[in-house]
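To start, the structure under review is shown below, and the notes come after it.
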2 protein chains.
Amino acid sequence: MPKATFFNLKEEKKQILIDAAKQEFSRNSLYDASISNILKTAGIPRGSFYQYFEDKEDAFFYLLNEHAKERHENLISNLKKFEGDLFKAISEIFRSTLEHSEDTGQRDFIRNVLLNMNYKIENTFSQYLSDDVANERYDDIYDLVNVEQLNVSNRKEMFHVVQIISAVTFHNLIHSVSNNLSISDAMRKYETELGLLKSGLLRSSS
Amino acid sequence: MPKATFFNLKEEKKQILIDAAKQEFSRNSLYDASISNILKTAGIPRGSFYQYFEDKEDAFFYLLNEHAKERHENLISNLKKFEGDLFKAISEIFRSTLEHSEDTGQRDFIRNVLLNMNYKIENTFSQYLSDDVANERYDDIYDLVNVEQLNVSNRKEMFHVVQIISAVTFHNLIHSVSNNLSISDAMRKYETELGLLKSGLLRSSS
DNA sequence: CTTGACTTGTGACACAGTGTCACATATAGT
DNA sequence: ACTATATGTGACACTGTGTCACAAGTCAAG
């Protein structure tokens with residue numbers, strides 16, 4: 001988490017910082033990015049950066065978390081819109097994440113994040129989705145899902161369903177971005193795989 | 001790829017290099033690892049390292065690729081053993097990867113690799129599995145799989161099945177390692193999710 | 001042997017980035 | 001105006017990278 005000093009900053013300066021950081025993390029992975037570049041872009045002295053953030057990671061995960069919050073809101077509203085159909089809702093998130101990554105400034109940030117996705121980064125993304133079975137914080141999601149639709153008998157089993165769907169979703173997001181698939185190609189592949197997930201990988205006659 | 005000079009090295013010295021590199025990559029992620037530490041451990045001068053490898057990544061991916069080759073052999077033999085049952089074969093790979101990561105020296109290397117897995121690293125792992133539909137290099141795998149068992153009508157669709165299974169498998173591997181699950185707990189979760197994959201996430205009565 | 005062509009080894013060096021710290025400056029409450 | 005507290009600043013020590021000119025080995029041909 002950024003330090004209090006950062007949040008105390010007047011909106012304008014805070015935005016300059018955010019823009020500069022986002023620019024750097026759009027051009028480079030978390031590990032290749034340099035604080036020095038952010039300083040240069042934002043036009044602030046070295047010491048200041050450390051007044052606001054612990055380090056590079058701190059700034060990165062702040063940006064990422066802000067983004068994840070938006071996605072979460074997105075999912076909630078999609079679940080409502082599609083009356084608890086988890087597949088339709090998640091599919092819309094998939095599309096809008098890809099479309100989002102065609103946007104103006106955001107574009108390369110999300111692209112870069114996906115390309116350099118690791119466990120910690122994925123967790124920041126999906127912390128709003130399913131942290132743990134035991135954790136009750138995600139009731140808002142779980143309660144919205146139409147469980148009747150799913151091949152599960154309790155919330156614990158639903159945890160596994162969410163795990164599977166998010167594994168396949170991330171895999172597809174990353175694959176799409178790193179192979180520069182068009183949105184329609186990406187959607188086609190993703191929908192195909194969601195279809196297989198729904199009906200099962202085993203031939204039912206066997 | 002390491003340079004020719006590296007492969008020309010006498011076995012003994014080559015092994016010292018490998019051990020030193022593996023040690024460093026067991027303690028640190030690819031990005032936190034330092035060449036300087038490898039030099040210190042191996043007792044070679046700085047210039048020498050660059051005779052053998054392009055850079056840190058080069059050494060890392062050499063080690064990783066060697067490991068991936070073993071896994072590949074493993075999969076082939078498991079497919080034969082289980083008469084083309086993809087699920088049984090992959091499940092054994094899953095178990096042996098976890099067991100492998102309990103081993104002596106290997107232990108933390110694989111652990112570390114999994115914890116810092118990103119797209120490029122995952123690709124090194126699965127390059128032997130399914131690079132692309134069009135690619136014919138993987139016939140040895142595809143031909144061994146009992147396709148009758150699967151809910152697909154052609155090789156192209158089987159590509160998606162492999163994609164899904166590997167997404168879920170990696171996700172479980174990483175989850176197990178980063179949450180320090182016991183092997184039996186990890187297997188239980190993984191088998192549960194494989195079961196869901198087989199029968200489908202949708203309630204069949206719907 | 002010994003000469004020369006080629007391969008391999010070596011570590012000092014220039015460069016780039018990090019995080020810190022002592023000091024400077026601003027802001028607000030009394 | 002005074003003081004306490006928060007914020008700004010950039011020089012500095014430190015760590016690590018990749019390169020380069022030179023040293024040392026190897027080996028085949030004369």
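The figures that follow rest on heavy atoms only: side chains count, while hydrogens, waters and symmetry mates do not. In what follows, every chain begins at residue 1, and chains take the letters A, B, ... in the order their sequences are listed.
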Check this for me, if you would: do B:Lys120 and B:Glu57 make a salt bridge, where the nitrogen-to-carboxylate-oxygen distance has to be below 4.0 angstrom? yes
Send over the distance from A:Phe53 CZ to C:dT20 P, rounded to a whole Å. 16 Å
Honestly, is B:Lys198 close enough over B:Phe87, meaning NZ or CZ under 6.0 Å from the six-membered ring centre and within 45° of the axis? yes
Between C:dT8 (P) and B:Phe7 (CZ): distance, integer Å: 13 Å
Can you tell me which residue pairs pass the salt bridge (charged side-chain N to carboxylate O under 4.0 Å, His left out) test with a partner in residues 160-180 of chain B, sequence neighbours excluded? none
Would you say the side-chain atoms of A:Ser96 and A:Arg71 include a donor-acceptor pair closer than 3.5 Å? yes
Rounded to the nearest Å, what distance is computed from the NZ atom of residue B:Lys3 to the C1' atom of nucleotide C:dG9? 13 Å
Using only heavy-atom distances, determine whether the side chains of A:Ser29 and B:Tyr31 contain a donor-acceptor pair under 3.5 Å. no
Which pairs, protein N/O on one side and nucleotides 6-12 of chain D N/O on the other, fall under 3.5 Å?
from   : atom 1 : to      : atom 2 : distance (Å)
D:dT7  : OP1    : A:Asn8  : ND2    : 3.1
D:dG8  : OP1    : A:Lys13 : NZ     : 3.4
D:dG8  : OP1    : A:Tyr52 : OH     : 3.3
D:dG8  : OP2    : A:Tyr52 : OH     : 2.9
D:dG8  : N7     : A:Gln51 : NE2    : 2.5
D:dG10 : N7     : A:Gly47 : N      : 3.4

Return the angle between end axes of the helix from C:dC1-D:dG30 to C:dT30-D:dA1, with five pairs used per end and rounding to 10°. 10°
What is the distance, rounded to the nearest whole Å, between atom CG of A:Leu39 and atom C1' of C:dA16? 13 Å
Once side chain to side chain donor-acceptor pair (under 3.5 Å) is applied, do any residues pair with B:Asn146, and if so which ones, sequence neighbours excluded? none
For atom NZ of A:Lys80, decide whether the heavy atoms of other residues, nucleotides or ligands shown that lie under 6.0 angstrom number more than 12. no
For A:Glu73, give me all partners under side chain to side chain donor-acceptor pair (under 3.5 Å), at least two apart in sequence or on another chain. none
Is B:Arg188 salt-bridged to B:Asp185, cutoff N-O under 4.0 Å? yes
What residues 29-37 of chain A contributes to the DNA chain C interface at heavy-atom separation below 4.0 Å is A:Ser34, A:Ile35, A:Ser36
B:Tyr50 has an atom OH; how far is it from atom C1' of D:dC22, in whole Å? 19 Å
Interatomic distance where CG belongs to A:Asn28 and C1' belongs to C:dA16 [whole Å]: 14 Å
Tell me the interatomic distance from B:Ile38, atom CD1, to D:dG18, atom C1', rounded to whole angstroms. 14 Å
Take atom CG of A:Asp55 and atom C1' of D:dT15, then tell me their distance rounded to the nearest Å. 16 Å
Between B:Phe53 and B:Phe6, what is the ring plane arrangement, given parallel below 30°, perpendicular above 60°, and tilted in between? tilted
Assess the pair B:Tyr142 and B:Phe159: is the distance between their ring centroids shorter than 6.0 Å? no
